[in-house]
2 protein chains.
Amino acid sequence: MILSRTSQYAIQALIYIATKPSGEPVLNREIAEHLNVPPAYLAKIMQSLCKGSLLYSFRGRLGGFCLREGAEKTDLMQILVLTEGVGFTHECVLGLKICSDETACPMHFKWKPIKEKVVALLREQTLEKLAKAVMTGKYRLADVPAVLMAGAGQPAGEPV
Amino acid sequence: MILSRTSQYAIQALIYIATKPSGEPVLNREIAEHLNVPPAYLAKIMQSLCKGSLLYSFRGRLGGFCLREGAEKTDLMQILVLTEGVGFTHECVLGLKICSDETACPMHFKWKPIKEKVVALLREQTLEKLAKAVMTGKYRLADVPAVLMAGAGQPAGEPV
DNA sequence: ATTAATTGGGATTCCGATATCTTGTTTTGA
DNA sequence: TCAAAACAAGATATCGGAATCCCAATTAAT
């Protein structure tokens with residue numbers, strides 16, 4: 001039921017980029033600040049997304065990251081394959097190494113249809129769709145709008 | 001989509017005990033061997049299941065663990081609350097600290113119904129049901145029947 | 001050219017889950 | 001009484017994901 005932090009950061013970052021004008025590189029620093037995520041760690045994830053052919057990267061001034069052509073159509077499953085590895089949906093709920101229709105754990109056939117629903121959902125959610133949902137303003141990508149954090153270095157004195 | 005190893009071991013162990021005649025203490029060592037799980041680690045988990053009021057433990061010779069009265073009716077959700085903590089189903093898919101119907105991430109309302117299905121499934125699967133399923137012989141609790149591992153200390157020479 | 005701003009990538013650190021070790025306590029049976 | 005068998009519990013070790021650090025490579029503006 002839980003994705004790794006790496007996966008969560010990756011998805012968030014990709015959606016964020018997808019909300020920006022395509023073609024204009026977005027800075028790692030900007031993404032990290034907006035999402036409130038460790039910049040150095042995000043940088044690593046961005047690298048792997050480049051290697052996974054979802055992003056272009058540009059070095060030097062005016063550098064940054066932007067979506068590869070067509071990458072707006074990327075669905076969450078494709079992203080998770082990069083971050084969690086292929087077959088991350090094939091794992092047994094009870095942790096058995098071998099658990100298939102033929103050699104099943106007692107949860108196998110109950111779990112299977114739910115797993116299929118999850119995969120279907122992941123496949124239908126594209127960056128484009130998710131980015132649009134965020135752009136309407138009805139949905140959030142980050143806990144606290146970065147703007148509100150800006151001047152919050154120190155809390156304002158004794159609040160009592 | 002993934003439970004911690006601790007949760008997996010806990011569920012497996014409880015089902016295993018539920019397949020045994022109730023009232024007769026089952027040895028930690030026996031459970032660990034049967035499930036092919038680290039005995040010392042399992043022992044810790046058993047302790048916490050005792051504290052969680054699912055098991056009785058008995059020390060000394062003829063000691064071991066057995067289900068508390070009525071514990072056959074325990075469902076997986078109850079077990080997971082012990083091992084994963086309450087509210088382990090409340091976490092946002094994208095990892096946002098705050099994600100509710102009011103302040104939703106772009107996946108929130110898509111994910112919600114699936115999560116509800118998962119919880120419903122966990123609530124309807126009791127130790128009794130699962131143990132019976134295993135006892136029919138159609139479903140497995142462990143990867144390899146412990147019997148087959150017994151004499152397998154050294155592989156049998158060069159298999160070329 | 002030089003400098004500043006950016007990503008690339010290896011090395012390292014940190015931390016929590018997982019696993020092990022060691023010692024103490026309880027219980028049974030000889 | 002004593003020894004063996006089992007769980008209790010705290011301390012310690014291991015491992016992998018998460019996070020940080022450092023420096024090299026690249027690019028644009030001056």
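Owing to the predicted nature of the structure, the values given are computational and were not obtained by experimental measurement. Below, chains carry the letters A, B, ... as their sequence lines are ordered, and counting in each starts from 1.
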For this session: Identify, with sequence neighbours excluded, every residue that meets side-chain hydrogen bond (donor to acceptor under 3.5 Å, both in side chains) alongside B:Glu102.
Result: B:Ser100
For this session: With sequence neighbours left out, write down each residue that passes ring pair (Phe, Tyr, Trp, His ring centres under 6.0 Å) with B:Tyr139, or none if nothing qualifies.
Result: none
Seminar exercise, completed: Taken to the nearest whole Å, CG/A:Asn36 to P/D:dA18 is 17 Å
Exercise. What one-letter contact string describes nucleotides 3-12 of chain D from 5' to 3', where B marks a base within less than 4.0 Å of any protein heavy atom, S marks contact via sugar-phosphate atoms alone, and - marks no contact?
Worked result: -BBBBBBB--
For this session: Using a heavy-atom cut-off of under 4.0 Å over every strand shown, decide if B:Tyr9 touches base, sugar-phosphate, or nothing.
Result: sugar-phosphate
Problem set entry | Contacts of type salt bridge (Lys or Arg N to Asp or Glu O under 4.0 Å), residue A:Arg123, not counting sequence neighbours | A:Asp75
Exercise. Residues two or more places apart in sequence or in another chain: which of them pass salt bridge (Lys or Arg N to Asp or Glu O under 4.0 Å) with B:Glu30?
Worked result: B:Lys20
Between the protein and nucleotides 13-16 of chain D, which nitrogen or oxygen pairs are less than 3.5 angstrom apart?
none

Problem set entry | same_hphob_cluster(A:Leu27, A:Tyr41) at 4.5 Å side-chain heavy-atom cutoff | no
Problem set entry | Which residues share a salt bridge (Lys or Arg N to Asp or Glu O under 4.0 Å) with A:Lys112, sequence neighbours left out | A:Asp101
Enumerate, atom names and distances included, each donor-acceptor pair closer than 3.5 Å involving a side-chain atom of residues 56-67 of chain B, sequence neighbours excluded.
{"residue": "B:Tyr56", "atom": "OH", "partner": "B:Glu69", "partner atom": "OE1", "Å": "3.0"}
{"residue": "B:Tyr56", "atom": "OH", "partner": "B:Glu69", "partner atom": "OE2", "Å": "3.3"}

For this session: Go through the structure and list residues passing salt bridge (Lys or Arg N to Asp or Glu O under 4.0 Å) with B:Lys73, not counting sequence neighbours.
Result: B:Glu128
Seminar exercise, completed: Min and max contacting nt of DNA chain C in 5' to 3' order, chain A heavy atoms within under 4.0 angstrom, are C:dA4 to C:dG10
Seminar exercise, completed: For A:Ile98, the other hydrophobic cluster members (4.5 Å side-chain criterion, sorted by chain and number) are none
Exercise. Which residues satisfy the side-chain contact (heavy atoms from CB on, under 4.5 Å) test with B:Pro113, sequence neighbours excluded?
Worked result: none
